[in-house]
Novice: 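Below is one structure. I have some questions about it.
Model, not experiment: these values are computed from the prediction. Keep in mind that the numbers below use all heavy atoms, side chains included, and drop hydrogens, waters and symmetry copies.
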Amino acid sequence: MNETSFLEHVAKDLLSKHGTDLSHMAVVFPNKRAALFMNEFLARNAEKPVWSSTYMTISELFGKQSEYALGDSIKLICDLHKSFVKCTGLAEDLDHFYGWGQLLLSDFDDVDKNMADAERVFSNLKDIHELDDISYLDEEQRDILKKFFANFTEDKETELKKKFLSLWCHFGDIYADYRDRLKKQGLMYEGALYRDVVENKDLKLDFDQYVFVGFNLLHTVERQLFSTIKKQGKALFYWDFDNYYMPKPGRQHNPSAGTYIAQYLDDFPCELDIKSEDVYDNMKGEKNMTYVSASSENAQARFAGNWLMENDRYKAGKKTAIVMCDENILLPLMHSLPEEVDKVNITSGYPLATTPIFSFVSQLYDLYTLGMRQNGQSYGTSLLSKVMGHPYAGMATESAADLLKEIKERRLQYLSVQYLATYEKDEGMDVMFSQLPKTNEGMTFNSALLGKLSNIVKRIGITGAQQEKDAFFQEAVFRMYTVLNRLKTLTDNGDLDVDQNTLRRLIRQIVTTTAIPFHGEPIVGIQIMGVLETRNLDFDNLLILSCNEGNMPKGVNDSSFIPYAIRKAYGLTTIDNKVAIYSYYFHRLIQRAGNVTIMYNEATENGHTGEMSRFMLQLMVDGSQQIKHASLSASNSTTPIKRRSICKDKNVMSVLDGMKSMSPSAVNKYIRCPLQFFFQYVANVKEPECNDEDIDNRMFGNIFHKAAQFIYEDIASHNNNVVTDAFIDKYIDNEELLGDVVDKAFSEEFFKTDISKGKISLNGLQIINREVILTFLQQMLRHDRANTPFNILALESAVYEDVSFTTPSDGKQRKLEVGGIIDRLDMVKDRKTGEDVIRVLDYKTGRQPKYVLKNVEEVFNAANISSKHSDYYLQTLMYALNVRGSRKLNPAGLKVAPALMFVKQTVNKDYDPILYFDKERIMDVLPSKTEYTEHLKDVLKDIFDPSVSFTPTKDKKTCDTCAFQKICGR
């Protein structure tokens, strides 16, 4: 079906009526893209060289007639926010307002483009009957309003109504103040500029003729501009429509688009035969049309590659188009194009938010704000490592790899700003880590921060250019640089007065809506585009993707502060208009195509309705086309990684043979999951570390343990290792002293520094954790006071014992040191029996298990680790047995009791930390020695036996909390 395209009809008509000298003409299109194709058609149909006309968009035409400039999108919202706050008194943050500001600006724009009486429109909002009851708002609108008005709750509907009315009552004031604010700066938003031009009526027409090509749904301002130019005899109009749109008695037709087009045709008659039925009644022609349902967006993208290869459609080049009703499908579509497709023109931009440069800027932003510690004098190495490990870090500084290596080898927690800025005398490090102003300097900090980010991005762009990076890299870096620079300018001018968190969110919002254009020859190769880019263009082969209700027509929910009734009454854009224009786009797009495949996502998940577009249904009902139906089924599914056992080859056995000691944690890890043991202790895969700003359970426990150690070391050193009431009271009664101990523990365990070098600076969550640790220490000290006097025998002391065993498969004799570090070894007079007992005491800051183990066998049962914390028993029993047989720690061979002090429980008056087997207190660990040792040897034999593989656990609960689940295939 090789119909002459609309633009070629226009080209032929212009040449036939005006010859090849078109220099006196300005050809006006809805968008820029059509001009490139127009040039080609003029060249093809002219018999001699053509003096081309000037091409411009409708927006450019209006801009040439105005003394005002269009404000950029960020500046416009910032100024609208100022007018909003001034007129309503609602102190909404800019980032909360941003989305609503865009909606409000859209309403103002629509009022002006349709030249409605703004005062009357907004006055009616105060009085409209619908505001007596807000129940007409749907759930989504109510949810958005709740977020907008932060103090709204479900039981305060009257409060919502009050704020809603307050907002609506001030729309007129906001509108007037906003326009005045912009005019004083020589700026306008698009609708205001358009309206100002047509109300001024003093047009500066530089050309003899203005040719308006391919317009459809017009706003009032456009109609008036067209009328004014037409009255001067300088206007020509070319409308692209098909008689299928026009109402005809006794025939099913498109009830919306045709009505609007007919209305415009009455005012602006077309030139020559451009609306003749023999040319434009193309919907009567039979097409090869197929509807395809798919189970996902990705499935559609993969199908597109096959569709291009089928019947060699890709060889048709620019006559073949893939149109995306949902442009989020662009990335998978790009990856699905076959190798044979060497020339592609993509009109949709690549999202800046998915580029490496944005991820790098985001990491830098977090480092410069969240990662700054000690009053801005140092950076945490967790965020610093992420930045230095980013692929673009090497383009910002030559020292990235060296610094990252140093952080890992020295296990650093923090590095000073001065040290980083002068690191290896690298200029890039100076750019990245020169001193920023303190946060209390407000806007100065934001300006400096944006300036620093801009400089780093610029440096990356320069380095990348020297390394011959591709054009896409350069474009992405340039777009990111432009966004940051624009925000800095707004900040310096006082237009963007926000805090750091708001600025972070604004950057993300702006970047999310920013796209990187693809460069190339637009009229060469397969055309991939969004719906709006198809205007005025025609294709032979057409694949329409994601043609679902909600995508086509796009967003027919009337997103506006102005209700439908008022919009209708004052001639503003309504849902009817939106549906009509998308109906026109859809039918105009397919009217000249001979091969049409339309796909839709039948899944009803992730926001998809699973319904085909109403326009597809309309074609089926109309019956003018024979439509084939197909369903795309996914024959291949993702194959998950299969969990497998690890055999003990020579390399594995070499690592095992090199082990000289074994901790209870390692033994517990093997019992829990042998494969987990392999990853951590054989393959040496490190578990992910927490953010250096966060205090996870492990770090919380470490700080508490260190503080307890400092306290009892101090007490023991003053009274020959005897703990008395007086020494404990010194800490209980002196919160400042106790606080100093906790700060010292924080400094050493968390910040990895010496407290003597300066007082530590904590953020909000760290301060909360500090207070909890203080409370826990006071609880433990009060509990211990009830047992005074007692003796401290050892603190944070290593206790190991040799264990010998033979591995069955090879008969090899092995010997290991088994043990670890005990928190506290003390000797107290037992309150229940009155006898002296040595306690191996292990501090626990978590929750005490509900269950008590019955015997030693249960200690080594893997099923009890998650449900009964048998790992606590295994560790404490091991330490107690080692102390029981230690000549150094227990020369008199006294009874040794395993004990777990759950600090949260120490508030209970009768709390007893000594462990039980069933209902019996373990006052002496010695009777359990033989059985415990045999079970322990069985585990060790399994670990070191060459014939026993490291197998994954079958317990799903264990896998849920395992750091290695992604690599083992769980």
Novice: Relative to the ring of F679, is the ring of F964 parallel (under 30°), tilted (30 to 60°) or perpendicular (over 60°)?
Specialist: tilted
Novice: Would you indicate whether K730, at its atom NZ, is surrounded by more than 12 heavy atoms from other residues, nucleotides or ligands within a distance under 6.0 Å?
Specialist: yes
Novice: To the nearest 0.5 Å, tell me how far D842 CG sits from L825 CG.
Specialist: 12.0 Å
Novice: Just say parallel, tilted or perpendicular for the rings of H718 and F727, cut-offs at 30° and 60°.
Specialist: tilted
Novice: Do other residues, nucleotides or ligands put more than 12 heavy atoms under 6.0 Å from the CG atom of N697?
Specialist: no
Novice: Does the plane of the ring in Y419 sit parallel, tilted or perpendicular to the ring in Y423? Use 30° and 60° as the thresholds.
Specialist: perpendicular
Novice: Evaluate salt bridge (Lys or Arg N to Asp or Glu O under 4.0 Å) for R672 paired with D955, printing each intermediate quantity in order.
Specialist: CA-CA 9 Å; R672 182 190 299 268; D955 181 9; over 6 Å; no
Novice: Measuring from D871:CG to I671:CD1, what's the distance to the nearest 0.5 Å?
Specialist: 9.0 Å
Novice: Whether K669 engages the ring of Y681 as a cation-pi pair (distance to the six-membered ring centre under 6.0 angstrom, angle to the ring normal within 45°) should be assessed.
Specialist: no
Novice: Is there a donor-acceptor contact under 3.5 Å from the side chain of D830 to the main chain of K832?
Specialist: yes
Novice: Drop me the distance from K909's NZ to H783's NE2, to the nearest 0.5 angstrom.
Specialist: 13.5 Å
Novice: Aromatic rings F944 and F805: how do their planes relate, parallel, tilted or perpendicular, breaks at 30° and 60°?
Specialist: tilted
Novice: Just by distance, no angles: are the side chains of D714 and Y731 close enough, under 3.5 Å, to form a donor-acceptor pair?
Specialist: yes
Novice: Keeping the roles fixed (side chain from T958, backbone from K954), state whether a donor-acceptor pair exists under 3.5 Å.
Specialist: no
Novice: Distance from E817 atom CD to K660 atom NZ, nearest 0.5 Å?
Specialist: 10.5 Å
Novice: If the plane angle is over 60° it's perpendicular, under 30° parallel, otherwise tilted; pick one for Y872 and F902.
Specialist: tilted
Novice: For Y712 and D784, does a side-chain donor sit closer than 3.5 Å to a side-chain acceptor?
Specialist: yes
Novice: Kindly say whether K650 contributes a backbone atom to a donor-acceptor pair with the side chain of S654 at under 3.5 angstrom?
Specialist: no
Novice: Should the heavy atoms of other residues, nucleotides or ligands under 6.0 Å from OH of Y851 be counted, would the total exceed 12?
Specialist: no
Novice: Could you give the distance from NZ (K812) to OG1 (T807), rounded to the nearest 0.5 Å?
Specialist: 7.5 Å
Novice: We want to know whether D945 and S947 form a side-chain donor-acceptor pair, criterion being a heavy-atom distance below 3.5 angstrom.
Specialist: yes
Novice: If you apply the rule salt bridge (Lys or Arg N to Asp or Glu O under 4.0 Å), what do you find for K386 with D366, and how did you get there?
Specialist: CA-CA 10 Å; K386 289 181 180 179; D366 288 345; over 6 Å; no
Novice: Can a cation-pi geometry be assigned to K648 and F950, taking NZ or CZ under 6.0 Å from the six-membered ring centre and within 45° of the ring axis?
Specialist: yes
Novice: Around atom CD of E857, are there more than 12 heavy atoms from other residues, nucleotides or ligands closer than 6.0 Å?
Specialist: no
Novice: Is it the case that over 12 heavy atoms from other parts of the model lie below 6.0 angstrom from the CZ atom of R831?
Specialist: yes
Novice: Mind checking the CG-OH spacing from D823 to Y843? Nearest 0.5 Å is all I need.
Specialist: 6.5 Å
Novice: List the steps and the verdict of salt bridge (Lys or Arg N to Asp or Glu O under 4.0 Å) for R884 and D924.
Specialist: CA-CA 9 Å; R884 188 67 169 84; D924 187 12; 2.9 Å; yes
Novice: I'd like to know whether CD of E735 has more than 12 heavy-atom contacts from other residues, nucleotides or ligands below 6.0 angstrom.
Specialist: no
Novice: Are there more than 12 heavy atoms of other residues, nucleotides or ligands under 6.0 Å from atom NZ of K895?
Specialist: no
Novice: Should the pair H390 and F360 be assigned to parallel (<30°), tilted (30 to 60°) or perpendicular (>60°) ring geometry?
Specialist: tilted
